Amino acid sequence: MTNKARLISGDTPTGKLHLGHWVGSLENRVLLQKEYECFFFVANVQGFTTRMEEPQIVYQNALEIVTDYLACGIDPEIATIFIQSEVPAMAELAHFFSMLVPLPRLMRNPTIKDEIRNKGLSDNYSIGFLMYPVTQIADILTFRAEVVPVGEDQEPHMELTREVARRFNQLYCGVNSHTEDADYIKAGGLFPIPQTKLGRTKRLVGTGAPTAEGQLLKMSKSLNNAIFLSDPPDVIRQKIMAMFTDPNRLRATDPGKVENNPLWIFHDTFNPDKVWIEEAKDKYRKGQIGDVDCKKRLIEILIELLKPMQERRKLFEKDKHAVLTILRDGTERANQAAEETLRLAKKAMSQAYFKRDLRLTEL
Ligand code: TRP
């Protein structure tokens with residue numbers, strides 16, 4: 001137990017993690033793991049909201065994500081890495097919290113609306129799919145986290161989380177509704193009102209062409225425009241060489257457009273040499289430098305960024321047992337924290353009847 005503030009974040013196991021995850025959240029997690037008491041988890045139950053027909057894939061991806069966490073520098077000695085489905089307090093709290101979320105309020109959630117549209121769910125989405133923002137509230141509140149590093153698309157869920165935390169604290173802990181967010185614990189509340197921590201790049205674009213309306217799409221596995229943290233150098237080379245840039249620039253002597261050009265968005269995001277970028281952009285605009293040269297530079301930078309991650313990844317890839325042991329130890333620690341919150345929440349809701357013990361053992 002520490003007296004550091006808590007931080008939580010998770011990922012749905014939809015595939016390996018990519019550069020968009022890195023700049024959107026992972027990089028922050030690695031940077032903040034000493035400053036906060038950190039919990040990082042694989043949201044495999046949430047994964048079932050859209051992948052209930054592919055359970056083995058969810059399992060494989062879950063272990064991939066744990067491996068990615070370890071590869072990108074999350075230290076399991078410092079941070080707690082765990083799996084959502086083995087922390088029952090999260091599901092139990094989600095059920096209680098669902099009573100505090102009006103259904104029409106949920107249906108106005110723009111991320112839910114987007115996902116129903118983008119994933120073609122039309123009117124076939126399940127009750128479980130609609131529940132996922134509620135389980136996400138429980139993911140966060142179960143750990144009484146103050147900080148949540150996520151991408152900007154998660155902000156509607158964060159707003160709901162804050163609403164439920166305020167409501168619970170007011171209803172069951174006697175906190176006055178005029179209390180400032182920062183003062184809820186001081187006022188006797190159980191749940192801090194959590195803050196979103198956005199990454200330095202809120203929404204990294206992918207390597208592909210824009211939409212018909214000229215809008216660049218975000219990096220996403222399902223859009224086939226992602227560079228994965230585990231991509232070897234030759235794959236990075238090939239993806240960057242094939243990357244969309246300025247479609248009107250046919251040769252290096254044509255003036256190029258820097259704005260809204262993934263090549264330059266990537267340089268701005270990953271190239272630490274700001275002087276080089278400014279000079280090269282200037283030349284690009286004037287048709288004095290080729291796409292290929294700028295791409296080659298970017299390839300070197302990305303290979304360099306990912307190299308230490310891939311070296312660590314190799315160690316863990318060979319040893320699934322080590323990955324599972326780290327996951328079990330973390331899940332054990334997560335359960336201690338989660339059970340404590342659940343006990344306090346039940347007490348606040350006047351539903352304390354018995355005490356219980358929870359322990360994990362190997363299969
Ligand atoms: N929905 C998040 C995503 O797709 C993953 C997630 C689930 C999460 N529960 C969370 C993130 C709790 C932060 C906190 O990225």
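Just so you know, these numbers come straight off a predicted model, no measurement behind them. Both counts, for ligands and for their atoms, begin at 1 and track the order of listing.
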- [ ] Could you tell me the residue and atom name of the protein heavy atom closest to atom 9 (N) of ligand 1, and the distance to it rounded to 0.1 Å?
- [x] Asp139 OD2, 2.7 Å

Task: Distance flag, aromatic centroids of Phe191 and Phe97, threshold under 6.0 Å - done: yes

Task: For atom 7 (C) of ligand 1, the protein heavy atom that lies nearest, with its residue and separation - done: Gln46 NE2, 3.3 Å

Task: Note: Lys4-Glu35 ion pair, threshold 4.0 Å (strictly below) - done: no

Open item on the list: Is it the case that ligand 1 has an N or O less than 3.5 angstrom from some N or O of Asp11?
Closed with: no

Open item on the list: Does the plane of the ring in Tyr172 sit parallel, tilted or perpendicular to the ring in Phe168? Use 30° and 60° as the thresholds.
Closed with: perpendicular

- [ ] Please report which non-hydrogen protein atom sits nearest to atom 4 (O) of ligand 1, along with the residue it belongs to and the distance in Å to one decimal place.
- [x] Thr12 OG1, 3.7 Å

Open item on the list: Looking only at protein heavy atoms, which one is nearest to atom 5 (C) of ligand 1, and what is the separation?
Closed with: Gly10 O, 3.4 Å

Task: Between CG on residue Asp11 and NZ on residue Lys16, distance to nearest 0.5 Å - done: 15.0 Å

Task: Aromatic Tyr284 / basic Arg249 pairing, under 6.0 angstrom, 45° off normal - done: yes

Open item on the list: I'd like to know whether the aromatic ring centres of Phe143 and Phe82 sit less than 6.0 Å apart in this structure.
Closed with: yes

- [ ] Starting from atom 13 (C) of ligand 1, find the nearest protein heavy-atom neighbour and note its residue, name and distance.
- [x] Val150 CG1, 3.4 Å

Open item on the list: Less than 4.0 angstrom from a charged side-chain N to a carboxylate O is my criterion; do Arg285 and Glu259 meet it?
Closed with: yes

Task: Contact partition for Ile140 relative to ligand 1, non-hydrogen atoms under 4.0 Å - done: side chain

Open item on the list: At less than 4.0 angstrom from any non-hydrogen atom of Val148, what atoms of ligand 1 do you find?
Closed with: 13 (C), 14 (C)

Open item on the list: Just to confirm my output: which protein heavy-atom neighbour is closest to atom 2 (C) of ligand 1, and how far is it?
Closed with: Gln154 OE1, 3.3 Å

Open item on the list: Please classify the His157 to ligand 1 contact at 4.0 Å (heavy-atom distances, strictly less than): side chain, backbone, both or neither.
Closed with: neither

